Number of protein chains: 2
Amino acid sequence: MKKDAKISNAVIKRLPRYRRYLKELQKKGVDKISSNEFSSLIGYTASQIRQDLNNFGGFGQQGYGYNVEGLYNEISAILGLDKEYKMVIVGAGNLGQAIANHTYYYKAGFVVCGIFDINPRLIGLKINDIEVMDYETIVDYVEQNQIDIGIICTTKDSAQEVADKLCFAGVRGLWNFAPIDLEVPEYVAVENVHLSDSLHSLAYHMNRNYEEKEKAAEK
Amino acid sequence: MKKDAKISNAVIKRLPRYRRYLKELQKKGVDKISSNEFSSLIGYTASQIRQDLNNFGGFGQQGYGYNVEGLYNEISAILGLDKEYKMVIVGAGNLGQAIANHTYYYKAGFVVCGIFDINPRLIGLKINDIEVMDYETIVDYVEQNQIDIGIICTTKDSAQEVADKLCFAGVRGLWNFAPIDLEVPEYVAVENVHLSDSLHSLAYHMNRNYEEKEKAAEK
DNA sequence: TAGATTGTTAATCGATTAACAATC
DNA sequence: TAGATTGTTAATCGATTAACAATC
């Protein structure tokens with residue numbers, strides 16, 4: 001890492017995308033790529049690509065470009081994907097179950113260790129080999145198993161209470177699927193997946209596209 | 001609507017959030033709110049709130065503030081939430097099923113009409129009263145039922161092919177859960193939910209927070 | 001009318017793009 | 001060495017914040 005200045009979130013949000021494209025290139029057996037070639041592939045300007053990467057260090061080589069495998073590994077390390085994360089899911093409803101079943105996360109170093117719910121009918125159930133446990137026991141479990149991430153798949157009404165408990169028990173990050181903005185201690189990272197917000201902005205863009213089409217048709 | 005200039009996506013992304021907070025205020029029986037009060041609640045500056053809202057028209061009143069219910073309705077209309085949208089889900093795996101079961105969307109005017117899959121073992125199944133149909137028949141279905149939105153819950157390898165078919169059949173928007181960037185005609189809106197990207201940026205922030213904590217401890 | 005608060009213009013800040021010297 | 005392409009500084013663009021006149 002090169003500079004110590006805070007890196008903007010806009011840059012961070014682009015890193016997983018860089019990484020995805022680099023993975024594809026690797027699969028295709030591509031060894032090296034210039035910022036220009038990468039630009040026409042990924043759709044960011046070459047300038048932005050170089051600027052982004054230089055926030056973390058000089059990964060390229062003048063006159064050559066970037067080594068695909070090397071850059072992939074660097075970005076993985078920057079994101080912290082060379083580590084393993086232990087996670088618990090709170091809420092064994094549809095979404096919680098879907099995430100528990102999504103074995104991708106396991107492969108990628110994100111291990112779902114347990115699922116918690118208050119519903120007695122769900123407690124004891126096994127989802128993808130992971131037991132649904134009683135929410136009452138979550139603090140002990142998180143402490144004893146050194147859980148890193150809590151995944152909140154509850155309703156919005158219980159989400160803050162769950163977040164408080166998880167933070168108290170020692171998680172370092174929350175992946176929040178409840179449609180609410182959580183308050184957490186500053187050392188806990190929160191990443192929101194607000195599905196309804198996402199759907200609403202889709203609706204907006206659909207209607208704008210429609211309006212434009214209408215307007216174009218008038219001419 | 002006041003101006004005709006293109007409104008930046010940053011503004012649009014904030015609208016669903018304004019709307020959520022306004023809904024809560026309404027529930028609490030709050031009639032009016034000033035940009036300053038709203039600011040301390042939602043965390044945007046009062047200036048930004050006024051600036052954002054004025055992209056669409058003057059919804060406030062000098063010396064008074066904004067009418068909560070009125071503003072809620074205005075934002076709903078801007079987003080297009082006064083309309084109904086017919087949707088199909090492609091991919092009846094965990095995620096597809098979770099979304100189909102999430103009746104929230106139905107209540108909010110987003111109606112899941114059908115689910116499609118290529119797996120013969122899933123075809124015929126009923127999920128939340130919605131039948132899983134053969135993917136082969138999707139183009140006819142979308143055309144005949146005038147489906148507005150396609151929800152892509154397939155693997156990344158089939159996602160583009162599915163997108164092509166849905167666009168050809170006439171959807172106006174795609175809600176894409178596959179970890180890939182889709183190419184679509186310009187009049188089709190795409191909203192991505194890249195869950196793994198989201199998890200990766202969570203990992204980044206967790207590690208940065210940890211580093212800062214370490215650094216603080218050194219002092 | 002006086003006070004409050006918006007709507008809107010101007011100033012600032014930050015992020016993106018362009019340019020080019022450094023260097024492989 | 002000559003050509004290519006990065007790393008980095010400077011210029012531009014856009015988004016956020018501040019200020020204040022308009023007005024309820």
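Order of the sequence lines fixes the chain letters, A, B, ..., with proteins taken first and strands second; residue numbering starts at 1 for each chain. Everything quoted here is computed from the prediction, not taken from an experiment. What's counted below: heavy atoms across the whole structure, side chains too, no hydrogens, waters or symmetry copies.
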Whole-Å distance separating the [atom1] atom of [X] from the [atom2] atom of [N]:
X	N	atom1	atom2	value
L71(B)	dT5(C)	CG	P	16 Å
I49(A)	dA15(C)	CD1	P	18 Å
I33(B)	dT6(C)	CD1	C1'	14 Å
K32(B)	dT5(C)	NZ	C1'	9 Å
L53(A)	dT8(D)	CG	C1'	14 Å
N9(A)	dT16(C)	CG	P	11 Å
N36(B)	dG7(C)	CG	C1'	15 Å
N55(B)	dT16(D)	CG	P	10 Å

Checking the side chain of [X] only, and the main-chain atoms of [Y] only, is there a donor and an acceptor separated by less than 3.5 Å?
X	Y	result
Q160(B)	L182(B)	no
S76(B)	Y72(B)	yes
E161(A)	S158(A)	no
Q97(B)	A92(B)	yes
N55(B)	D52(B)	yes
D148(B)	Y85(B)	no

Any stem touching DNA chain C, meaning at least three consecutive Watson-Crick or G-U pairs under 3.5 Å, ordered by first number, would be C:3-24 with D:3-24
With nearest nucleotide decided by heavy atoms, which residue, S35(B) or A10(A), maps closer to the 5′ end of DNA chain C? S35(B)
Do R208(B)'s NZ or CZ and the ring of Y204(B) fall within the cation-pi criteria of under 6.0 Å and 45°?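 Yes.
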Charged N-O contact under 4.0 Å between D181(A) and R17(B): yes
Minimum-distance nucleotide to Y66(A) side chain [options: dT5(D), dG7(D), dT6(C)]: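 Of dT5(D), dG7(D), dT6(C), dG7(D) is nearest to the side chain of Y66(A).
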Options dT6(D), dG7(C), dT16(C), nucleotide nearest the side-chain atoms of N54(B):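 My answer, after comparing the listed nucleotides, is dG7(C).
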Return a single string for nucleotides 17-24 of chain D, one symbol per nucleotide in 5' to 3' order, where B is base contact, S is sugar-phosphate-only contact and - is none, cutoff 4.0 angstrom on heavy atoms. BBBB-BBB
Need one value for F59(A): base, sugar-phosphate or nothing, where a base atom within 4.0 Å counts as base even if backbone is also close, heavy atoms only.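 Counting heavy atoms under 4.0 Å across all strands, the contact made by F59(A) is with sugar-phosphate only.
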Quick check on the 6.0 Å ring-centre criterion: do Y135(A) and F116(A) meet it?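 No, too far apart.
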